[in-house]
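For the numbers below, each heavy atom of this structure counts, side chains included, while hydrogens, waters and symmetry mates do not.
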Protein chains: 2
Amino acid sequence: MFTGCAPVTAPIRIGDKWTAKIIRCLQDGPRRFSELKVPLTGITPKVLTESLRAMERDGLVTRTAHPGIPPKVVYELAPLGHSLVGPLDTMCAWSRANLPQVLSARESYESR
Amino acid sequence: MFTGCAPVTAPIRIGDKWTAKIIRCLQDGPRRFSELKVPLTGITPKVLTESLRAMERDGLVTRTAHPGIPPKVVYELAPLGHSLVGPLDTMCAWSRANLPQVLSARESYESR
DNA sequence: CAGTATCCCCCGGGATACTG
DNA sequence: CAGTATCCCGGGGGATACTG
């Protein structure tokens with residue numbers, strides 16, 4: 001979540017388990033419910049639904065239901081959600097650059 | 001935490017409740033244990049200790065105990081921790097810029 | 001001052017099964 | 001296919017009290 005910005009009464013939960021991953025899955029175009037489940041290995045339909053609803057509520061994604069049988073529902077990043085891709089990349093870059101250091105810090109902390 | 005970067009086996013928990021805030025409290029210089037408790041309103045000593053230990057373990061902060069009575073322990077951002085300030089700023093900037101949109105998105109979602 | 005020591009609670013998230 | 005409906009569990013985090 002977006003912390004450190006003083007008393008923000010309504011924190012955006014980017015720190016939860018799935019939101020960031022979902023944004024990544026949607027950043028290259030719209031995806032259907034079942035298409036999201038594949039890369040998000042291990043997510044259950046219940047949790048995926050909850051996450052998507054929350055993101056929809058916050059204006060990060062849009063949900064479009066195409067009527068018919070079988071049903072087809074498409075999720076897409078809203079502009080607001082897209083604007084998060086940059087910041088996410090920043091964090092990812094940090095992680096990729098510094099993870100080794102963190103790991104070795106942990107090791108030297110252990111053996112001590 | 002740093003998600004969306006593929007199976008990172010050891011995620012850094014920036015998404016937890018306190019880590020980011022602690023970094024903010026330390027970014028302008030070292031602070032003592034009790035000095036940290038003030039801006040981190042509501043944190044209990046137990047949780048602050050746990051958070052600090054985890055950050056120390058990951059090489060984000062250093063802990064220096066000055067012997068004597070009363071005890072004096074100083075926490076300081078390690079280089080690795082300092083390198084997180086930039087990314088954190090990025091997220092903060094996003095939050096400040098887009099929080100109003102999120103809030104209004106929530107409202108229009110509610111009334112519907 | 002800088003922590004430990006206990007106890008406890010909530011809820012995010014998982015497992016499984018069922019349905020329009 | 002795209003979800004609901006239930007049930008359930010662990011652990012992050014809080015409250016409170018105590019100590020070197």
Value rounded to 0.5 Å, distance of CG in A:Leu26 from NE2 in A:His82: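 The CG atom of A:Leu26 sits 8.5 Å away from the NE2 atom of A:His82.
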If I take atom CD1 from residue B:Ile43 and atom CG from residue B:Leu48, how far apart are they, to the nearest 0.5 angstrom?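 Answer for the CD1-CG pair, B:Ile43 versus B:Leu48, is 4.5 Å.
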So what stems show up for DNA chain C if we need 3 or more Watson-Crick or G-U pairs in a row, all under 3.5 Å?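 Output for stems: C:1-20 with D:1-20.
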Side chain to side chain contact (heavy atoms under 4.5 Å, CB included) between B:Val102 and B:Arg106, worked out: CA-CA 6 Å; B:Val102 171; B:Arg106 284 187 187 172; 3.9 Å; yes
Contact residues, residues 29-41 of chain A to DNA chain D [heavy atom, < 4.0 Å]: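 Heavy-atom cutoff 4.0 Å gives A:Arg32, A:Phe33, A:Ser34.
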Stretch residues 47-54 of chain A: residues that reach within less than 4.0 Å of DNA chain D through a heavy atom: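 Those residues are A:Thr49, A:Arg53.
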For residues [X] and [Y], determine if any side-chain heavy atom of one lies less than 4.5 Å from a side-chain heavy atom of the other.
X: A:Ile22; Y: A:Leu40; result: yes
X: A:Tyr75; Y: A:Thr64; result: no
X: A:Met91; Y: B:Thr90; result: no
X: B:Leu52; Y: B:Leu36; result: yes
X: B:Val61; Y: B:Ile23; result: no

Any pair with a residue in residues 31-57 of chain A that passes side-chain hydrogen bond (donor to acceptor under 3.5 Å, both in side chains), sequence neighbours left out, goes on the list, sorted by first then second residue, please.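 side-chain hydrogen bond (donor to acceptor under 3.5 Å, both in side chains) check on residues 31-57 of chain A returns A:Arg57-B:Glu110.
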Examine distances only and state if a side-chain atom of A:Trp94 and a backbone atom of B:Ser83 form a donor-acceptor pair shorter than 3.5 Å.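 Yes, A:Trp94 side chain to B:Ser83 backbone: donor-acceptor pair under 3.5 Å.
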Given 3.5 Å as the limit, does a donor-acceptor pair link the side chain of A:Thr19 with the main chain of A:Asp16, or not?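 Not a single qualifying donor-acceptor pair exists.
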Atom-pair distance ([atom1] on [X]; [atom2] on [N]), nearest Å:
X: A:Lys17; N: C:dG13; atom1: NZ; atom2: C1'; result: 7 Å
X: A:Arg63; N: D:dC1; atom1: CZ; atom2: P; result: 16 Å
X: A:Asp16; N: D:dG12; atom1: CG; atom2: P; result: 16 Å
X: B:Ile69; N: C:dA2; atom1: CD1; atom2: P; result: 13 Å

Return the polar atom pairs (N/O with N/O) between nucleotides 15-20 of chain D and the protein under 3.5 Å, or none.
none

B:Arg24 bridged to B:Asp89 by N-O distance under 4.0 Å: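 Looking at B:Asp89 together with B:Arg24, the answer is yes, because their closest N to O distance falls below 4.0 Å.
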If only side-chain N and O atoms of A:Tyr75 are considered, is one of them under 4.0 Å from the OP1 or OP2 phosphate oxygen of D:dC1?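 For D:dC1, neither OP1 nor OP2 has a side-chain N or O of A:Tyr75 closer than 4.0 Å.
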Can you sort out the partners of A:Pro30 under side-chain contact (heavy atoms from CB on, under 4.5 Å), two or more places apart, ordered by chain and number?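 A:Val74, A:Glu76.
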